[in-house]
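These figures come from a predicted structure and were not determined experimentally. In what follows, every heavy atom counts, from backbone to side chain, and hydrogens, waters and symmetry copies are set aside. Residue numbers start from 1 in every chain, and the chains themselves are labelled A, B, ... in the order their sequence lines are given, proteins ahead of strands.
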There are 2 protein chains.
Amino acid sequence: MSTDLPAVSDSTIRRLSLYLRALEGLDDQAEPTVSSRRLAELAGTSAAQVRKDLSRFGSFGKRGLGYSVAPLQNHLRDILGLQRRWPVVLVGAGRIGSALFEYPYFRERGFEIVAVVDRDPAKVGRRWNGVKIQSVEALPTLVRECRAELGILAIPATDAQAAAEALVDAGVRGILNFAPVQLHLGSHVVVNDVNLTLEMEALSFALRTASELGSGEGG
Amino acid sequence: MSTDLPAVSDSTIRRLSLYLRALEGLDDQAEPTVSSRRLAELAGTSAAQVRKDLSRFGSFGKRGLGYSVAPLQNHLRDILGLQRRWPVVLVGAGRIGSALFEYPYFRERGFEIVAVVDRDPAKVGRRWNGVKIQSVEALPTLVRECRAELGILAIPATDAQAAAEALVDAGVRGILNFAPVQLHLGSHVVVNDVNLTLEMEALSFALRTASELGSGEGG
DNA sequence: GCCGTCTTGTGAAAATCTTCACAAATCAGG
DNA sequence: CCTGATTTGTGAAGATTTTCACAAGACGGC
């Protein structure tokens with residue numbers, strides 16, 4: 001079934017992912033249906049928000065009853081594009097790259113890291129669970145051979161822009177970027193940044209704010 | 001309620017972190033001042049947004065000239081709470097925990113992982129660069145001894161809620177959570193989730209959307 | 001000093017996102 | 001069938017965030 005796709009905000013999509021995760025945590029034998037209120041609790045939002053989010057894509061619930069767990073899971077997978085396998089090319093075989101390669105939840109959702117490249121000649125040639133680490137020069141060929149449309153950048157900031165461009169030139173349209181740098185790519189390419197330092201700084205700000213009761217900066 | 005710090009949105013704070021990163025990438029010998037337009041380019045937002053964000057905390061710029069790079073860096077560090085050291089307790093010594101422990105940018109910003117715990121007895125006792133991995137039972141003591149207010153959860157979803165509660169009971173007020181589960185904690189605790197699957201799914205959705213719009217190319 | 005060119009800081013307007021509130025639909029029980 | 005207890009889907013209202021637009025300030029050249 002093809003889903004009609006209106007303009008949907010990024011925050012809605014991110015919540016859909018949380019709904020899916022929450023639904024997968026339910027025992028659909030014991031709990032075959034779920035209300036927007038319950039789903040909201042599980043996902044950390046409000047019932048109205050859940051209904052609004054879902055209603056953008058269709059009427060999946062039944063009044064008086066709620067949403068059937070298994071069908072809703074399928075709808076969400078369909079909306080998010082998870083009803084297929086996504087081959088992924090990983091750039092960078094350092095600590096972060098290694099952790100991502102082993103990350104079990106990617107494969108579970110259809111994201112399969114099918115190729116790994118690294119700049120370091122000492123790493124090239126090693127095998128990770130059957131996948132041979134290759135040289136960055138092989139990147140364009142690899143992307144094309146694997147028909148990868150998704151790439152992950154887990155390399156230093158200095159190399160990220162060039163690597164991103166290489167990925168895009170070879171056909172990648174979506175990038176998960178762990179490098180602490182703003183990538184400048186064509187507007188048809190989607191980039192999601194994972195900025196670990198930023199996350200810690202947001203915590204730091206929140207804690208500082210909380211403890212500064214009664215004293216602040218001069219205005 | 002804090003007297004001087006206004007209510008500031010999370011998105012503003014996140015952008016401040018990006019501004020700081022962008023400023024650190026500038027050579028302040030060659031470029032002693034920066035305009036809101038330039039900073040916006042570097043951080044991937046608009047000039048008006050930059051000015052609005054900064055103006056919530058003070059008047060840091062000079063009309064006709066822009067912002068002085070070094071002083072603005074200091075203002076941002078001050079706002080974000082980076083003018084101090086933040087001891088951090090890491091829960092989970094698996095792949096992700098290991099990558100985070102080695103992550104160089106944390107220490108650079110004052111976030112120092114001073115203790116590591118793991119549930120696995122086989123890992124307890126090992127040393128990571130001078131830090132001994134300890135049992136989860138030691139967690140409360142460790143948090144208190146280190147005076148850690150920040151914790152990182154890099155453990156399976158099943159263990160995350162209990163570990164989070166242990167952290168909070170021992171005095172932690174901010175948590176960076178890599179476990180794919182919604183934590184339920186007191187409202188005085190700040191939790192930032194890093195949801196890698198969600199990030200990939202957002203890419204998947206975007207790509208699926210783009211291809212389903214037919215042959216038209218994005219501008 | 002005066003002029004022209006920049007650039008900030010900021011109210012107001014526009015856009016976006018979230019919550020509210022309620023009609024319509026569903027079910028269980030008698 | 002009818003009643004009462006639920007719960008969805010959704011316009012409207014409310015809240016928040018972003019963009020606009022411009023007065024006021026700053027600097028260099030002369």
Between the base of C:dT7 and the side chain of B:Arg63, is there any donor-acceptor pair under 3.5 Å?
no
What does [X] touch in the nucleic acid at a heavy-atom separation under 4.0 angstrom: a base, only the sugar-phosphate, or nothing?
| X | value |
| --- | --- |
| B:Arg15 | sugar-phosphate |
| A:Thr12 | nothing |
| A:Ser9 | sugar-phosphate |

How do A:Asp10 and B:Ala47 order along DNA chain C: which one's closest nucleotide is nearer the 5' end?
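Counting from the 5' end, the first nearest nucleotide belongs to B:Ala47.
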In this structure, how many angstroms lie between the [atom2] atom of [N] and the [atom1] atom of [X], rounded?
| X | N | atom1 | atom2 | result |
| --- | --- | --- | --- | --- |
| A:Gln49 | D:dT8 | CD | C1' | 15 Å |
| B:Phe57 | C:dT8 | CZ | P | 18 Å |
| A:Lys52 | D:dG14 | NZ | P | 15 Å |
| B:Arg51 | D:dA23 | CZ | P | 15 Å |
| B:Leu54 | C:dT10 | CG | P | 12 Å |
| A:Phe60 | D:dT10 | CZ | P | 11 Å |
| B:Leu65 | C:dT8 | CG | C1' | 10 Å |
| B:Arg56 | D:dT18 | CZ | C1' | 10 Å |

Non-hydrogen side-chain atoms of B:Asn74 and B:Asp78 separated by less than 4.5 Å:
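Result no, sub-4.5 Å side-chain heavy-atom pair not found.
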Any heavy-atom pair between the side chains of B:Tyr19 and B:Leu72 that's under 4.5 Å?
no
Return whichever of B:Lys62 or A:Gly61 has its heavy-atom-nearest nucleotide of DNA chain D closer to the 5' end.
A:Gly61
Distance test, side-chain N/O of [X] to OP1/OP2 of [N], below 4.0 Å:
| X | N | answer |
| --- | --- | --- |
| B:Tyr67 | C:dC6 | no |
| B:Ser36 | C:dT7 | no |
| A:Ser46 | C:dT19 | yes |

Output yes when B:Glu199 and A:Arg14 qualify as a salt bridge under the 4.0 Å nitrogen-oxygen rule, no when they do not.
yes
Inspect the contact between B:Arg21 and A:Glu201 and indicate whether a charged nitrogen and a carboxylate oxygen are less than 4.0 angstrom apart.
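Looking at A:Glu201 and B:Arg21, the cut-off is not met.
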Using the ring of each side chain (for Trp, its six-membered ring), is A:His75 parallel, tilted or perpendicular to A:Phe60, with breaks at 30° and 60°?
parallel
So if I take every side-chain heavy atom of B:Ser35 and compare against C:dT19, C:dG9, C:dT7, which nucleotide ends up nearest?
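Closest nucleotide among those given: C:dT7.
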